Amino acid sequence: MDTRFSVAVHSLILIAKSDIPLTSEQIAASAGVNPSYVRKILTSLRNAGIISAHRGIRGFRMNSDADTLSLLQIYQEVCEQNLTMFDIHQNPNDQCIVGRHIQQVLGDMFKTLEQEMAMKMQEQTLGDCIDAILMREQKSI
């Protein structure tokens with residue numbers, strides 16, 4: 001998993017909580033990343049209908065309800081794949097007992113872990129992230 005997912009969640013929280021449309025430059029300044037990287041992520045989210053940008057109005061707005069938008073939906077849109085947490089080395093030695101079986105053994109284990117992670121991500125929403133941030137902010141005041 002690379003940073004696209006975390007930057008997407010960061011961006012969506014900012015957009016959801018803003019009263020005005022936010023630009024990729026504003027979002028990038030908050031996330032500490034390049035605006036072009038943010039634009040790529042926002043394009044995926046816009047193509048999925050999660051956010052929108054309107055001609056003549058600079059910036060992005062939410063189309064989706066934060067309380068029903070799951071983290072899994074966000075991941076799948078910006079990463080364009082099913083959840084993949086682990087990778088397995090591709091050329092183990094078939095002459096070795098471990099090498100002959102490691103891909104299947106780890107593959108089965110990793111698949112189960114990834115399915116469990118996907119179920120947990122489906123249960124968590126963008127709204128849950130917003131609530132957690134607001135709670136942490138209240139505690140820090």
Side-chain angles (χ1 to χ4, degrees), residues 1-55 57-141:
M1 190 181 300
D2 63 20
T3 62
R4 286 178 291 179
F5 174 65
S6 64
V7 172
V9 172
H10 189 127
S11 301
L12 288 170
I13 291 170
L14 288 171
I15 293 168
K17 294 307 292 175
S18 179
D19 294 331
I20 60 170
L22 293 179
T23 66
S24 57
E25 290 81 10
Q26 292 167 314
I27 295 167
S30 175
V33 297
N34 189 298
S36 66
Y37 186 65
V38 170
R39 280 191 288 277
K40 289 177 187 175
I41 292 167
L42 295 177
T43 297
S44 295
L45 296 170
R46 188 187 70 220
N47 291 343
I50 294 171
I51 59 172
S52 60
H54 298 286
R55 185 167 285 231
I57 300 173
R58 211 165 159 231
F60 296 88
R61 288 195 179 270
M62 285 295 290
N63 287 343
S64 301
D65 177 14
D67 291 326
T68 60
L69 181 60
S70 78
L71 297 183
L72 183 61
Q73 288 172 278
I74 297 166
Y75 176 88
Q76 289 171 332
E77 294 303 336
V78 297
C79 295
E80 300 172 351
Q81 62 186 18
N82 290 326
L83 182 64
T84 304
M85 297 171 45
F86 305 104
D87 201 3
I88 303 172
H89 55 293
Q90 295 301 306
N91 299 307
N93 183 347
D94 267 353
Q95 302 305 310
C96 168
I97 185 173
V98 176
R100 272 193 302 277
H101 303 286
I102 193 70
Q103 288 179 320
Q104 185 65 43
V105 169
L106 288 180
D108 292 346
M109 288 179 183
F110 292 171
K111 183 177 180 181
T112 299
L113 290 170
E114 289 164 350
Q115 288 170 340
E116 290 174 10
M117 180 72 157
M119 287 188 323
K120 291 290 186 189
M121 288 175 73
Q122 183 63 38
E123 294 170 3
Q124 298 292 307
T125 67
L126 184 66
D128 295 329
C129 293
I130 292 169
D131 292 344
I133 285 173
L134 295 175
M135 187 181 316
R136 284 181 172 271
E137 183 62 16
Q138 284 295 329
K139 288 180 181 179
S140 70
I141 295 176

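These numbers come from a predicted model, not from an experiment.
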Whether over 12 other heavy atoms sit under 6.0 Å from Arg58 CZ: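 Result for CZ/Arg58: open.
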CG (Asp94) with more than 12 external heavy atoms under 6.0 Å: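 It does: Asp94 CG has more than 12 such atoms within range.
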Flag the pair [X] / [Y] as yes when at least one side-chain heavy-atom distance between them is below 4.5 Å, and no otherwise.
X      : Y      : result
Leu113 : Met117 : no
Ile15  : Leu45  : no
Phe5   : Leu71  : yes
Gln115 : Lys111 : yes
Ile133 : Lys17  : no
Asp108 : Gln104 : yes

Derivation and outcome, side chain to side chain contact (heavy atoms under 4.5 Å, CB included), residues His89 and Gln103: CA-CA 8 Å; His89 55 293; Gln103 288 179 320; 5.9 Å; no
Do you know which two heavy atoms are closest between [X] and [Y], and how far apart they sit?
X      : Y     : value
Leu14  : Leu22 : O-CD1, 3.4 Å
Gln26  : Pro21 : OE1-O, 4.1 Å
Ser18  : Ile20 : OG-O, 2.6 Å
Leu69  : Ser64 : CD2-CB, 4.3 Å
Ile130 : Ala16 : CD1-CB, 4.0 Å
Phe60  : Ile51 : CD2-CD1, 3.6 Å

Those residues that, when tested against Glu114, pass salt bridge (Lys or Arg N to Asp or Glu O under 4.0 Å) (two or more places apart):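 So Glu114 forms no salt bridge (Lys or Arg N to Asp or Glu O under 4.0 Å) with any residue.
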Output the distance between atom [atom1] ([X]) and atom [atom2] ([Y]), rounded to the nearest 0.5 Å.
X      : Y     : atom1 : atom2 : answer
Gln73  : Ile50 : CD    : CD1   : 6.5 Å
Ile27  : Leu12 : CD1   : CG    : 8.0 Å
Leu126 : Ile74 : CG    : CD1   : 5.0 Å
Phe110 : Asp87 : CZ    : CG    : 9.0 Å

Flag, side chain of Arg46 to backbone of Ser52, donor-acceptor distance under 3.5 Å: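 Flag not set: sc Arg46 to bb Ser52 has no pair under 3.5 Å.
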Check: Ser140 side chain, Glu137 main-chain N or O, donor-acceptor pair, under 3.5 Å: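 At least one qualifying donor-acceptor pair exists.
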Sequence neighbours excluded - side chain to side chain donor-acceptor pair (under 3.5 Å) pairs with any residue from residues 34-44: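 Counting only pairs at least two positions apart or across chains, the side chain to side chain donor-acceptor pair (under 3.5 Å) contacts touching residues 34-44 are Thr3-Tyr37, Ser24-Arg39, Glu25-Arg39, Asn34-Ser36.
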All pairs passing side chain to side chain donor-acceptor pair (under 3.5 Å) where residues 118-136 contributes a residue, at least two apart: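 Non-adjacent pairs meeting side chain to side chain donor-acceptor pair (under 3.5 Å): Ser70-Gln122, Thr125-Asp128.
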